[in-house]
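As structure tokens, the structure follows; a few thoughts come after it.
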Amino acid sequence: MLKKCVYTLLGVSLLLFGGITLVTSNISAQEVSVTDYQVPVSTADRLLIDFALNHATVGSNATTSKGNIGGIYKRFYDSLPFGYSIDIIGSSLVDRNIETDAYNTNYQINGDVGVKKYLMENNPFLRDSFGSLRATSDMSKAYDRPTSAVTLGVGYGRFINATALAKAVRIEAFLIKEGELSDHLPKDAILELSQIIQREDEYKDKFGETYQKEWYKDMEAILTESGLLKESTLSAIGVLRTEEILEREEIADRFYGWDVTVGSKFDITTPYTDQERPIGNLDVTVSYARPIAWQWQISERLSINTPFNNLGRAFSMSLSSDISYELSNRIDLRLRHLFRLDKPEVGNTENSHSFGASFIYYIENNINLVVTEQIEIVPNEDISTSFTALLNYRIF
């Protein structure tokens with residue numbers, strides 16, 4: 001049963017993303033590939049806060065009065081000796097009952113912290129093998145206490161943040177469109193340009209508040225040395241547009257890579273005080289991410305968890321798929337699908353699908369408008385749908 005479900009889900013995902021690859025693989029004439037981008041250290045850091053308010057009246061009488069606030073913090077760091085990730089998602093809801101004038105509140109917080117230690121960094125064949133420690137916790141108003149679990153494991157693979165290369169490709173596309181470059185940059189030149197973009201913090205530390213002058217001068221030197229810059233220097237519009245791409249435009253993180261982790265998961269606390277703590281589980285996780293033609297980013301994560309005392313006969317499984325597409329330099333389309341399957345020791349197998357589609361419009365000063373349609377499908381139950389429009393503020 002477990003094996004059949006895994007093969008089916010992976011087959012569907014491969015067909016979906018294989019079709020996207022065929023459609024987009026020849027869009028860009030730029031000869032650089034995402035896997036050409038290699039850096040010793042990859043980092044990403046993001047903090048978002050969401051606001052939503054729904055207040056409606058008929059005459060002077062309120063008919064709806066509710067609001068919610070949510071937040072997302074993501075931190076990623078990866079180097080050959082050491083890596084870690086932090087993912088925290090939280091939300092709270094206040095809903096006023098118009099008839100009784102009472103307020104109902106709810107909240108939920110999910111935390112996931114992972115640490116990797118690469119074991120053989122000097123071995124070219126095994127340098128991506130690692131030991132891992134992962135701690136997770138959930139907290140909800142419905143729980144008696146926060147849940148917590150620890151997973152110890154070993155794995156192989158690595159992810160690299162190639163967002164700087166995506167920015168370099170966007171700069172190049174603009175300069176070609178405006179006639180400042182006569183052709184696409186050679187592979188070595190655009191990789192060097194992306195390396196300078198990646199080193200922004202280094203320029204800040206070295207030159208202080210005036211770092212941009214030196215930063216842009218070194219980027220311009222790469223364009224000049226390529227022999228494809230039509231004039232001796234960038235025009236004013238070229239400099240301004242480059243600054244807009246690097247400083248003000250939102251470019252979603254671009255990752256590539258994969259990893260496989262096998263470990264033992266141990267629950268420390270359960271959500272309810274009278275709930276028995278289960279025996280340790282075998283936990284297998286497979287993750288994959290890759291940009292396609294630089295406008296697309298795909299990410300997959302498959303997790304399987306089964307108790308040691310009932311290996312393979314009772315299990316829980318989830319497959320999450322994320323696709324993002326840049327419709328323009330200000331509008332992104334993001335599609336999400338989450339499939340869950342739970343087979344208990346006693347009782348029927350349960351499954352569910354969750355589909356989400358969001359349009360994100362990037363407004364000035366880190367404020368984004370996010371419009372989302374969500375569909376929940378559970379067998380033998382009515383399909384649930386929801387539509388939300390909210391403002392999102394990106395702190396960093």
Side-chain angles (χ1 to χ4, degrees), residues 34-47 72-89 109-138 146-165 195 198-202 205 253-269 277-291 297 299-308 311 316-320 322 396:
V34 63
T35 55
D36 294 324
Y37 185 77
Q38 298 285 336
V39 288
V41 177
S42 284
T43 62
D45 207 14
R46 181 149 302 203
L47 176 59
I72 298 175
Y73 176 69
K74 291 180 176 289
R75 171 74 177 169
F76 168 84
Y77 176 90
D78 197 295
S79 67
L80 272 182
F82 178 74
Y84 67 88
S85 63
I86 302 173
D87 292 273
I88 300 174
I89 300 175
I109 301 174
N110 173 263
D112 190 321
V113 178
V115 178
K116 290 181 180 179
K117 177 63 175 72
Y118 289 92
L119 304 174
M120 301 181 182
E121 57 189 278
N122 296 321
N123 187 313
F125 300 103
L126 298 175
R127 66 177 185 173
D128 289 341
S129 60
F130 57 82
S132 67
L133 171 65
R134 183 183 175 199
T136 58
S137 180
D138 288 292
T147 69
S148 59
V150 173
T151 303
L152 298 172
V154 294
Y156 187 89
R158 187 181 178 210
F159 286 91
I160 291 180
N161 184 354
T163 310
L165 181 55
Q195 296 282 357
Q198 176 74 29
R199 290 162 50 201
E200 181 181 8
D201 288 341
E202 180 183 323
D205 292 340
D253 290 332
R254 295 288 187 259
F255 284 90
Y256 78 89
W258 61 271
D259 65 24
V260 178
T261 306
V262 179
S264 298
K265 181 180 179 181
F266 301 95
D267 291 302
I268 308 301
T269 58
R277 191 171 61 181
I279 193 170
N281 296 341
L282 172 67
D283 189 84
V284 181
T285 301
V286 182
S287 301
Y288 173 79
R290 185 181 176 89
Q297 171 76 44
S299 301
E300 291 258 15
R301 185 181 182 91
L302 172 66
S303 296
I304 303 172
N305 193 276
T306 180
F308 285 118
L311 204 63
S316 62
M317 177 172 58
S318 67
L319 175 66
S320 63
D322 293 273
F396 53 77

Of all heavy-atom pairs linking Gly157 and Lys116, the shortest is O-NZ, 4.3 Å
Value for CE (Met317) from CG (Leu302), rounded to nearest 0.5 Å, stands at 7.0 Å
Exactly one of Asp253, Asp87, Asp112 clears side chain to side chain donor-acceptor pair (under 3.5 Å) with Lys74, and that residue is Asp87
Thr261 side-chain N/O to Gly155 backbone N/O, donor-acceptor pair under 3.5 Å:
no
Rounded to the nearest 0.5 Å, the CD atom of Gln38 sits from the CD1 atom of Ile160 at a distance of 4.0 Å
**Request:** State, with a plain yes or no, whether a side-chain heavy atom of Tyr156 is found less than 4.5 Å away from one of Val260.
**Result:** no
Applying ring-ring contact (aromatic ring centres under 6.0 Å, His included), run through Phe255 and Phe76 and close with a yes or a no. CA-CA 11 Å; Phe255 284 90; Phe76 168 84; 4.9 Å; yes
Is the shortest side-chain heavy-atom distance between Arg75 and Ile88 below 4.5 Å? no
With Val262 as partner, the option from Leu282, Val286, Thr285, Ile304 fulfilling side chain to side chain contact (heavy atoms under 4.5 Å, CB included) is Leu282
Smallest heavy-atom separation, Gly257 atom then Phe159 atom, equals O-CE2, 3.2 Å
*Side chains of Asp78 and Tyr118: donor-acceptor distance under 3.5 Å anywhere?*
yes
Separation between CG (Asn305) and CG (Asp283), nearest 0.5 Å, reads 5.0 Å
Value for CD (Gln195) from CD (Glu202), rounded to nearest 0.5 Å, stands at 10.5 Å
#### Entry: Tyr37 side chain reached by Gln198 side chain, heavy atoms, under 4.5 Å
yes
Looking only at heavy atoms, the pair that brings Gln297 and Ala289 closest together is NE2-CB, 3.8 Å
Taking every heavy atom of Tyr73 against every heavy atom of Asp45, the minimum-distance pair comes out as OH-OD1, 3.1 Å
I would like to know whether Arg254 and Leu165 meet side chain to side chain contact (heavy atoms under 4.5 Å, CB included); could you show each step before the answer? CA-CA 9 Å; Arg254 295 288 187 259; Leu165 181 55; over 6 Å; no
To the nearest 0.5 Å, atom CZ of Arg127 lies from atom CG of Asn122 at 10.0 Å
Exercise for review: Hey, can you tell me if Tyr77 and Tyr84 have their rings parallel, tilted or perpendicular (30° and 60° cut-offs)?
Suggested key: parallel
May I ask you to decide if Thr269's main-chain N or O and Thr147's side chain share a donor-acceptor pair within less than 3.5 Å?
-> no
Interatomic distance, CG@Leu152 vs CG@Leu133, rounded to 0.5 Å, equals 5.5 Å
Ala149 and Lys265 have their tightest heavy-atom pair at CB-CE, 3.7 Å
Heavy atoms of Pro81 and Glu121 approach each other most closely as CB-OE2, 3.6 Å
Say whether, by atom type as modelled, one donor and one acceptor occur between the side chain of Asn161 and the main chain of Thr163 under 3.5 angstrom. yes
Can you check whether Leu126 reaches Leu119 side chain to side chain, under 4.5 Å on heavy atoms?
no
